[in-house]
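Following: one structure in structure tokens, then a few remarks.
Proteins get letters first, then strands, A, B, ... in listed order; numbering begins at 1 in each. All figures in this text were calculated on a predicted structure; none of them were measured in a lab.
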Amino acid sequence: MTDLWIHPSLILLVGAVILPMLPKALRKPFLVAVPVLAFADVLSMQGNFGVHGVTRFLDWTLTFGRVDALSMVFAYIMTLMCVIGTIYGLHVEEPAQHSAAWTYVAGSLGVIFCGDYLVLFLFWEIMAFSSVFLVWFRGRKESLASGYRYLLVHTAGGLLLLAGLVLRYQATGGDISFGPIGVASPQLYTWLILAGFILNAAVPPLHAWLPDAYGEATVTGSVFMCAFTTKTAVYALARGFAGMEILVPLGVCMALYGVVYAVLENDSRRLLAYHIISQVGYMVAGVGIGTELAINGACAHAFAHILYKGLLFMGCGAVLHMTGKSKFTELGGLYKRMPRTFVYTLIGGLSISAFPLFSGFVSKAMIVAAGFEVHNYWAAFLLTLASAGTFLHTGLKVPYFIWFGKNNCSEETWKRASDPPMNMQVGMILASILCIFIGCYTPYLYKMLPFPQVAQAYEPYTAYHLSETLQILLFTALGFFLLLKKLTPEPKISLDLDWFYRMGGRAFYWFARKPVQTADDAVSEAWDRQGVVPLMKTARYWSWFDWHAIDGVVDGIARTVREYGEALRTFQSGRLQLNIIAMLALVALALALLAAA
Amino acid sequence: MIVRFIDFFRDRLGTTIRACLALLALLVLWDALFVSKEHAHTFMERIPGFWAVFGFVACVLIIVVSKWYGHLGIMTREDYYDD
């Protein structure tokens, strides 16, 4: 164990604070240096497992750095994605955007390395509060509203988590350590903590914040957002809830739910966002299956997902950045204008669809195989069904309707379209290379997994598995081209469960405006009519009383005193000898009276 | 370069489609003749070309069911949430 352990979050947080103060010329090198430094910091921890950064705070012992295989695989890919994402966003001049993104990554890394619920909660909230800026910076009216909804939903999730922590603290007699929570005998606090986690993992029905926010975030913002919140939640689930059976059906539902909405979606980035739900579904199901192979699969899939989903968001983001459009009904036929972006996005699409030689193939298969191994056939078959859907949308629909298909571009869009600036392309190239590398050279990823022996014994490239995958994917493609007409995008939006809080919010406003406001007005009116008039009368009476009765008494006393004073005055001439004579006369009279008595 | 590559296939669309279909047929043939199915978990997976049918049916099912669901009223006008 080394003496010096630096939390990678600290590097990013310090960087986020310094960045806006730097002169413009230094910003670009600094933007590359900080995430690279954080990544190097994580690399230096490899093979150096243990607990670091233990601090006492009030009555608690807080652990900031639990370094083990599970936390390392997530920290590794997250800092790497931070490097790629920052390079992709290098052209963004606003330092605040980068600072928000880094703070957000720092929040994720804080959760990944924490050893107790208190630190977890702290970083959990940092994540929610910094990422909302990535939505707000888009600056549209919709993004402002979307950001507020995002923040409200995450605050609600954070409160569920907090309630769970407090109850658990009480039930266990002051235990705040974060580890396997005991899924065999769930208590109320188990469910509350689980609810907090699965809200961030976007498990239906707590998922609608995701497409809502990610579709509205800035181009670079959504590249960050797609990688961190949900995958941090997957980490937290893998750490605490491995083997929680309810997660299997939930995960399968997620995988299918995302696919269904992706068919209907017209906005390319919202489609990708729905596909996050679908992909995280595999991971959640993997955590629910809970065997060593399944946990490996969940981690491997999270690792691969961060790269290919980042790549896909970078590709569609580049289209949005260059043309200002992200809807299929306003794009099409762009292969002549943005050929490179097409290739990168296609690599992302093939990776997410688990095409052989691409990253998804070696990670998704693990989860499905784990499902078959525990004889959970319906889950395994439904996940395979969802993977056909994945190829259908992200591998076929997105590239086809942006780069081929009917050209819906306006003249202006067509003129603006071209491959994006070099830094954006470098980001996409890095992610593309990694996606292919992971798919081709499996030991790179498999060695990092929490159970490396199990992972290394697993072989995805068998003839059977190859044949199975190729058949599913290629016949899905056949179906796609046969039913192409049915898939033509429509300029529509799809209602989702955010309807309830959007309309719920409106109902609340209506309630405030109509019944509450009306009642308030009525009370004011009644007060004016019925309340003020008697009050005025009472006031007049009191004024009369004051004038005649109180003033009469007071003034009367004053007048009496004055009259006596007047009378007394005549006795006083001011001459000393007269006073002495009068006094002597009084004394003599008194003595005479006493003597007579 | 990329554009020329794509245009090459687009100019010969008919041939490309026929080649792709031939590829699909070859794939199923390979599956039926050469792929060992010892490790299959269920009997269905031992049927040659099972996954090809599965993939195609899955694709059609997903599209049809989703569209049916969307047209139940889930898909709505874009300014639905605007005041």
Report summary line: Heavy-atom closest pair (A:Thr488 atom, B:Lys67 atom, distance to 0.1 Å) is O-NZ, 4.1 Å

Report task. Work out which heavy atom in B:Gly55 is nearest to a heavy atom in A:Thr476; give both atom names and the distance. Result -> O-OG1, 3.5 Å

**Report entry** Pairwise side-chain contact, A:Phe404 with B:Ile6, heavy-atom cut-off 4.5 Å (strictly under)
**Finding:** yes

**Report entry** Test side-chain contact (heavy atoms from CB on, under 4.5 Å) applied to A:Thr469 and B:Trp51, step by step
**Finding:** CA-CA 8 Å; A:Thr469 311; B:Trp51 288 113; over 6 Å; no

Query raised in the report: Where do A:Ser494 and B:Met75 come nearest, in terms of heavy atoms and distance?
Result: OG-CG, 3.9 Å

Report summary line: Pair count under 4.5 Å, heavy atoms only, with chain B: among A:Glu490, A:Glu142, A:Glu373, A:His465, highest is A:Glu490

Report task. Could you check whether the rings of B:Phe54 and A:Phe381 sit parallel, tilted or perpendicular, using 30° and 60° as the cut-offs? Result -> tilted

Report task. Test A:Ile493 against B:Tyr81 for side-chain contact (heavy atoms from CB on, under 4.5 Å), laying out the working first. Result -> CA-CA 10 Å; A:Ile493 59 164; B:Tyr81 285 117; 3.9 Å; yes

Query - Structural part of A:Thr462 lying under 4.5 Å from a heavy atom of chain B - result: neither

Requested in this report: Answer yes or no: is there a side-chain heavy-atom contact under 4.5 Å between A:Tyr377 and B:Met44?
Outcome: no

Requested in this report: Tell me, for A:Leu256 versus chain B, whether the close heavy atoms (under 4.5 Å) come from the side chain, the backbone, both or neither.
Outcome: neither

Requested in this report: Please flag which part of A:Lys327 lies under 4.5 Å from any non-hydrogen atom of chain B: side chain, backbone, both or neither.
Outcome: side chain

